[in-house]
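Just so it is clear, the structure is predicted and the values come from calculations on it, not from any experiment. Per chain, numbering begins at 1; letters A, B, ... match sequence-line order.
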There are 2 protein chains.
Amino acid sequence: MQTTIDNGEALTARQTEVLDVALRLLVEEGDSLTMTAVARRASCSKETLYKWFGDRDGLLTATVQWQASKVRAGNYDRQHLDAAALRDSLEGFAVNWLSVISSATSIALNRVAVSHAGSGKSNLGSIVLANGRFAIGERLKPLLDAGRAAGLLAFDDAEEAFRTFFGLVGRDVQIRLLLGDTLKLSTAAIERDAKRAVDQFFTLFGAANRPKIRSL
Amino acid sequence: MQTTIDNGEALTARQTEVLDVALRLLVEEGDSLTMTAVARRASCSKETLYKWFGDRDGLLTATVQWQASKVRAGNYDRQHLDAAALRDSLEGFAVNWLSVISSATSIALNRVAVSHAGSGKSNLGSIVLANGRFAIGERLKPLLDAGRAAGLLAFDDAEEAFRTFFGLVGRDVQIRLLLGDTLKLSTAAIERDAKRAVDQFFTLFGAANRPKIRSL
DNA sequence: TCCGAACCGTAACGTACGGTACGGCAGAAA
DNA sequence: TTTCTGCCGTACCGTACGTTACGGTTCGGA
C-alpha cells in the first residue's frame, strides 16, 4: 500500500512468531502492553524488536497487518447463482463477519485501533478499517451485483445495499463488545442471527416477490 | 474522603465548569489529556482536581457522566398514536441518534470508553453503554410496544425489533467514525438516512395492512 | 580456527505524567 | 484587625515505560 517497507511478506518465521506473541499479549493486556513484556514473552531482546519494527507503533502496525493477512478469506464468486446459492453466500458472509467481530482478537485489535485513531499517533484505525469494514464491502458488493444481474435482488446502489446488510448483521454487537459488554455469541446464535439478517435483507431488497422498492 | 460525584448532581457551578473544560480537552486530545492540561485550561490547581474527583479516572468518569446528564432527551410518549405519529417519533429517534454518534463529543467519549474497557481500569465503557445504546433502547421500546398495541407494528420481541432498528439506523457509521474515517454527515444526509431506516423498519415490522408510506 | 553478523538478556537513560506538598492570596466570619 | 477556609500556582517526587547501549552467545562462512 504505502509507507512501510515491509509490506507483509518480508517477514521471517521468527518475526511472525514475535508478532503472534504481540497479538496474544494485545488480547490479554490491550494497549497497555509494553515492549519489555513482548520481548520477554517472545524470548527476544528489545534491541531486536526496535531493529525489526522501528518503534512501538511499528510493532503494533506490523501486528495488526499480520493478523489481517491471516484473516483474509476467499471471495465468493460462483458461476451458477440462483436464489439458494445467493442466500447461502450471504449467510456465509454474515456468519463469518459475526464470528470475526465477536472474537477476542478482533475486539482487542479494534480497541487499540480506536484509541490510536483518537490520539492520531498512528494509522491503525485506517488499517483496521481497510481490512475490516471496507474489505468485506469490496468482497460482498460483487455478489450483490451478481444477484441483481440474475434478477434476484433490486437496488440502485450496491454500496447502500451493502451498508444496510452490514447494519442488519452487526446491529449493536460490535459497539457493545468494544465497550466491554459481556455478550456471548454462540455459534448457534450466530447462525440464527445470520439467517434473520439475510431474511430481512431479502425482504428489503429481494426482487422476485416485491413491488418496486422506493429508491433513495 | 468521601465519594461525592457518584451519581447525584452535587456539582457546583465551578465544578461543572471544570468538567466542561475536561470535555473540550477530551475532544481535542483524546485519552492523552493530562491532569496538568486540565488544570491549566480550567485555571484551577491540580490539588483541587484531586480533591474534587479523587484521581484521573474519577475526573474522566465525572466528565462522562456530566456529558450524559446533558444529553438525556425526553421520552416520546404520546397519547394519540397513529401511523404518522409513530413514524415521526421513530424518525426523531433516528435523527437524534445519528446526530449524537456523529458528533465530535460522542466520538471522543466513546473512544476513551473503548480504550478503558480494554484496560479494565475503569467502568467508563459501561457508563457510556448505559447512557447510549441501552438508554435509547429503554426509551424506544415503549414506543414500539405502543405501536404494536395500536396495530401498527408486528413483532415478537421488542428488544429484537429495537436491535434491528438500531442496525438499520446506525449501519457502519459509528465504527467508521471511531476508527477515524472522515465521514461527514450533513443534517440533510442524517434526515435522509433516518427516513430510509424508518421506511425499511416499517417494511420489516409494519402490520399486515401496510399503510401508505410513499406519500412523502 | 577465526571473524563478523545476528541476536539474547539486562542494565541504564530520559522523560512524561500521576499524584503530593507547600506557600500565597482572597474573602468570609469574628 | 485577625483567623480560618478554600483555592491557585508551582515545585517536587516516584514510577513506569520507551528507547538505547553493551557485554555475552551462537552460528555460518572464509
Take atom [atom1] of [X] and atom [atom2] of [N], then tell me their distance rounded to the nearest Å.
{"X": "D57(B)", "N": "dC17(C)", "atom1": "CG", "atom2": "P", "result": "16 Å"}
{"X": "K46(A)", "N": "dC22(D)", "atom1": "NZ", "atom2": "C1'", "result": "14 Å"}
{"X": "Q15(A)", "N": "dA6(C)", "atom1": "CD", "atom2": "P", "result": "12 Å"}
{"X": "F53(A)", "N": "dC7(C)", "atom1": "CZ", "atom2": "C1'", "result": "14 Å"}
{"X": "K51(B)", "N": "dT5(D)", "atom1": "NZ", "atom2": "P", "result": "10 Å"}
{"X": "K121(A)", "N": "dA16(C)", "atom1": "NZ", "atom2": "C1'", "result": "12 Å"}
{"X": "L49(B)", "N": "dG6(D)", "atom1": "CG", "atom2": "C1'", "result": "15 Å"}
{"X": "E47(B)", "N": "dC22(C)", "atom1": "CD", "atom2": "C1'", "result": "8 Å"}

Short side-chain to backbone donor-acceptor contact, R163(A) and G137(A), under 3.5 Å | no
Locate the shortest heavy-atom distance separating A113(A) from L179(B); write the atom from each residue and the value.
-> CB-CD2, 3.6 Å
Indicate the atoms forming the closest heavy-atom contact of I107(B) with L177(B), along with that distance.
->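 Heavy atoms of I107(B) and L177(B) come nearest at CD1-CB, 3.8 Å.
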Sequence neighbours excluded, every pair satisfying ring pair (Phe, Tyr, Trp, His ring centres under 6.0 Å) that has a member inside residues 96-122 of chain A |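 Checked against ring pair (Phe, Tyr, Trp, His ring centres under 6.0 Å) - neighbours excluded - the pairs reaching residues 96-122 of chain A are W97(A)-F166(A).
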Where each residue is assigned the nucleotide of DNA chain D containing its nearest heavy atom, which of R56(A) and R14(B) is assigned the position nearer the 5′ end?
->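 The residue whose closest nucleotide sits nearer the 5' end is R14(B).
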Taking only residues two or more places apart in sequence, or in another chain, which ones meet A188(B) in a side-chain contact (heavy atoms from CB on, under 4.5 Å)?
->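 side-chain contact (heavy atoms from CB on, under 4.5 Å) check on A188(B) returns S186(B), R192(B).
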dC7(C) phosphate, OP1 or OP2, under 4.0 Å from W52(A) side-chain N/O = yes
Does dC7(C) have OP1 or OP2 sitting under 4.0 Å from an N or O in the side chain of T48(A)?
->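 So the side chain of T48(A) is outside the cut-off, no N or O lying under 4.0 Å from OP1 or OP2 of dC7(C).
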Just wondering, more than 12 heavy atoms not from D156(B) lying within 6.0 Å of its CG?
->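 For D156(B), atom CG is not crowded (no more than 12 foreign heavy atoms under 6.0 Å).
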Ionic contact status for E29(A) with R111(A), cut-off 4.0 Å =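 The answer is no: the pair does not qualify as a salt bridge.
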Report the nucleotide, chosen from dC8(D), dT19(D), dG19(C), that has the shortest atom-to-atom distance to any side-chain atom of D55(B).
-> dG19(C)
From the list dC8(D), dT20(D), dG19(C), which nucleotide is the closest neighbour of the side chain of S45(B)?
->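 Among dC8(D), dT20(D), dG19(C), the one nearest the side chain of S45(B) is dC8(D).
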Between residues 21-43 of chain B and DNA chain C, which residues have a heavy-atom gap below 4.0 Å?
->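 Under 4.0 Å from DNA chain C: L33(B), T34(B), M35(B).
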